[in-house]
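First listed ligand is number 1; within each ligand, the first listed atom is number 1. As the structure is a prediction and not an experimental result, all values here were calculated from the model. Keep in mind that the numbers below use all heavy atoms, side chains included, and drop hydrogens, waters and symmetry copies. Throughout, numbering of the chain's residues begins at 1 and tracks the sequence.
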Amino acid sequence: MTGWKTAEQIALIARAGAILAACRRELNRRIKPGVTTLEIDAFVERFLADNGATPEQKGYRGYPYATCASVNEVACHGMPDDKPLKDGDIVTIDMVVNRDGWLADSAWTFAVGDVSASSRRLMRAAQTCLYAGIAKAKIGNRLGDVAHEIQSVARANGYSVFGDFTGHGIGNWIHEWPSVPHVGKAGKGVRLEEGMVITIEPILTAGKPKAKIGADGWTATAVDGKRSAQYEHTIALTRKGPLILTLPQPELYTADARGPFPAPFGPISR
Ligand code: MF3
Ligand code: CO
């Protein structure tokens, strides 16, 4: 299935999204120095099973894990491994939750212990770009408006956005129409219509926004070895505005890039 979803279908995607948000909250507690990304992956798989869900990434085009775990200079699609995370690392955990055949996709960059001021700034800017993009995801706008906003906010903060990695439509499949660019021209591209469900997931770097794919066929590492940060939500386009589905409750986003941003880990951990 592609394209446009009913309110009922959007509610089903939000159920998967609420499980994902609950899992994100658990990860925020568990990610610390000494933990391995394989341990995180195993936790995610168990958490999803306990919540009647499955990790859609596992087996997708032969990808072997429930999560992508991208540490420091890995821009995205890193594979979990048995190397303990170190104090000062940053790690992006990306997952797609399948609940009753409906999928929700979200990635989040976490700080491991105490991270440098420059990494914290990068993470903050990446979150700001995500919400700047979401704020532009209004019916009648075009995908180029979303992309241009993300790119402009990144640039204003001194960062670049990886152009090779895009968001996507989502529903019963991980990658549905349309592809959602994070770099582009205002006024261009697919027009946003009611009932579209898409991901927005810009990856920001202070360096060169270019990555090369490793021998495993997945791991995308920054060519200049610099760190990157990525935040991703699944959103539905509604008449009232963009509705974020990968939060504890679906949340209409009516603020702008200055925020306030929704609580990513739910009210309990905040
Ligand atoms: N969750 C990813 C995204 O945001 C998809 C990862 S593809 C996988 O688009 F195979 F690596 F899982
Ligand atoms: Co994702």
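D94 and H77 share no donor-acceptor pair across their side chains, judged by distance under 3.5 Å alone.
Screening Y253, W108, F261 for a ring pair (Phe, Tyr, Trp, His ring centres under 6.0 Å) with H233, the sole residue that qualifies is W108.
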*Could you walk me through whether K5 and E176 pass the salt bridge (Lys or Arg N to Asp or Glu O under 4.0 Å) test, one step at a time?*
CA-CA 12 Å; K5 273 86 181 169; E176 296 186 359; 2.6 Å; yes

_Pair E39, R30 - check salt bridge (Lys or Arg N to Asp or Glu O under 4.0 Å), show working._
CA-CA 10 Å; E39 289 165 350; R30 284 159 198 270; over 6 Å; no

*Verify side chain to side chain donor-acceptor pair (under 3.5 Å) between T67 and D41, making sure each step is shown before the conclusion.*
CA-CA 6 Å; T67 61; D41 190 76; 2.6 Å; yes

*asked:* Between R258 and D256, is the salt bridge (Lys or Arg N to Asp or Glu O under 4.0 Å) condition met? List the steps.
replied: CA-CA 5 Å; R258 290 184 302 273; D256 61 17; 2.8 Å; yes

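Nearest N/O/S atom of E232 with respect to the Co ion (ligand 2) is recorded as OE1. Among the heteroatoms counted here (N, O or S) of D105, OD1 is the one nearest to the Co ion (ligand 2). Looking only at its N/O/S atoms, D94 has OD1 as the one nearest to the Co ion (ligand 2).
Atom OH of residue Y231 and atom OG1 of residue T128 lie 9.5 Å apart, to the nearest 0.5 angstrom. Interatomic distance, OG1 of T109 versus CG of L122, reported as 7.5 Å (0.5 Å rounding).
The closest approach between any non-hydrogen atom of W218 and ligand 1 is below 4.0 Å. Within the 4.0 Å heavy-atom cutoff, H175 counts among the residues contacting ligand 1. In this structure, R61 does not count as a contact residue of ligand 1, since none of its heavy atoms falls inside 4.0 Å of the ligand. Close to ligand 1: V96, with a non-hydrogen atom less than 4.0 angstrom away. At least one heavy atom of C68 sits closer than 4.0 Å to an atom of ligand 1.
E26 and F47 make their closest contact through CG-CE1, 3.7 Å (heavy atoms, listed as atom of the first residue, atom of the second, distance).
Checking only distances, H168 does come within under 3.5 Å of ligand 1, N or O to N or O.
None of the N, O or S atoms belonging to E201 lies under 2.8 Å away from the Co ion (ligand 2).
Protein heavy atom nearest atom 2 (C) of ligand 1, with residue, atom name and distance: D94 OD2, 3.2 Å. At the shortest separation from atom 4 (O) of ligand 1 among protein heavy atoms lies E201 OE1, 2.6 Å. Considering only non-hydrogen protein atoms, atom 5 (C) of ligand 1 sits nearest to Q57 OE1, 3.6 Å. Ranking protein heavy atoms by distance to atom 3 (C) of ligand 1, first place goes to D105 OD2, 3.2 Å.
Checking side-chain atoms of T246 against main-chain N and O of G17 turns up no donor-acceptor pair under 3.5 Å.
Near E232, with a cut-off below 4.0 Å to any heavy atom, the atoms of ligand 1 are 3 (C), 4 (O).
Here atom 7 (S) of ligand 1 lies nearest to Y60 when heavy atoms of Y63, Y60, Y65 are compared.
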